[in-house]
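Comments concern the structure below.
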Amino acid sequence: MSITVVGSIAYDTVKTPFGERERMLGGAAVHFALAASFFEDVAVVGPVGDDFGEEQIAVMRSRGVDVEGIERIAGGRTFFWHGEYGWDLNSRETIDTQLGVFEGFEPKLTAGALSSDVLFLANIQPDLQRQVRAQMPDARFVALDSMNLWIDIARDPLLAAISEVDCVILNDAELRQLTGKPNLVAAAREVLSWRPARGAPGRGPSVVVAKQGEYGAALVTRESFFALPAYPLETVIDPTGAGDTFAGGFVGYIAAHPREPLGEELLRGAMAHATVLASFNVEEFGTERIERLQAAEIAERIRDLHAMTQFAGAPLALRG
Ligand code: AMP
């Protein structure tokens, strides 16, 4: 087993200008796992309630995802999120969040999940992220996502969680909110300076990815900067889960290259695959599009994205 993910496994009610869905399969860990499953074996860790259907588990199984770590809590309710988008699909309003079975949840990783060498701490309460991180102190690569809610109500645990991972993947607005720095590069550099407390796992983040919705994503390390636009689409139906799908592409690509150093070439390839995976996710509601996605479709968009982001490098002799 190569990638373990912990995060929300959810029912989502979503309304966009193009339609609505009630209680569809969602959750950060689910979107991540479906995307990452194109690259490597993935094990999902997290609780669900009695109301979670076999049908939803079958969606993950059909992509080969290991669902042994999904714990069914008797008498509990599955995490529920309700969000609405206006015409600007880059911003959304959370109408309701019900933690349900995540309240009081104590993750115990299965042997399969523990044997992974890559770990993704998808969006959930940062103390839970840390509990999972503590069980996998020797993971080769650990990445984390979060959101404004946790920056607002659990800032200190979130800072601790971030200091224990290699890579942080956040929206640009979240990165600014987290650091109090309005400039994206300065905000990323601040995160890159955070170190784990004595005795805590990890060496501190060395990669920061700032997601910018329909404008793409930027990658900042101590040595470099790289950015890609989003894959241009004429039809976007539902952006829910785009960030997690992006992370699934990013982390999945890194997991699929176990012997390559975490250098510029690997990180840029990960950015391209993340961008392309996310582009499919937003074409339909929830997990609908990714459930049908074929590897050949991914490869085709990677070729397109490569072609549309190249330019001649030699500087022109400019007139002074
Ligand atoms: P994204 O659009 O990639 O930011 O993620 C959307 C997913 O995150 C949805 O499927 C929700 O179920 C899930 N989600 C929303 N709010 C939270 C939260 N507070 N904690 C964990 N997951 C959440």
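Start at 1 and go down the list; that is how both ligands and their atoms are numbered. Just so you know, these numbers come straight off a predicted model, no measurement behind them. Residues: numbered from 1 along the sequence shown.
Protein residues having at least one heavy atom under 4.0 Å from any atom of ligand 1 are S8, A10, D12, G26, G27, H31, F79, W81, R92, N123, I124, M147, L149, W150, P239, T240, G241, A242, G243, D244, listed by chain and number.
The side-chain contact (heavy atoms from CB on, under 4.5 Å) test with P47 is passed by exactly one of F52, F105, F79: F105.
Salt-bridge formation is detected for the pair R72/E54: a Lys NZ or Arg NE/NH1/NH2 atom is positioned less than 4.0 Å from an Asp or Glu carboxylate oxygen.
Not counting sequence neighbours, the partners of A35 by the side-chain contact (heavy atoms from CB on, under 4.5 Å) test are T245, L277. Not counting sequence neighbours, the partners of D152 by the side-chain hydrogen bond (donor to acceptor under 3.5 Å, both in side chains) test are Q177.
Pairs passing the side chain to side chain donor-acceptor pair (under 3.5 Å) check and including a residue from residues 191-202, sequence neighbours excluded, read E190-W194.
R301 and S279 form a side-chain donor-acceptor contact under 3.5 Å, judged by distance and modelled atom types alone.
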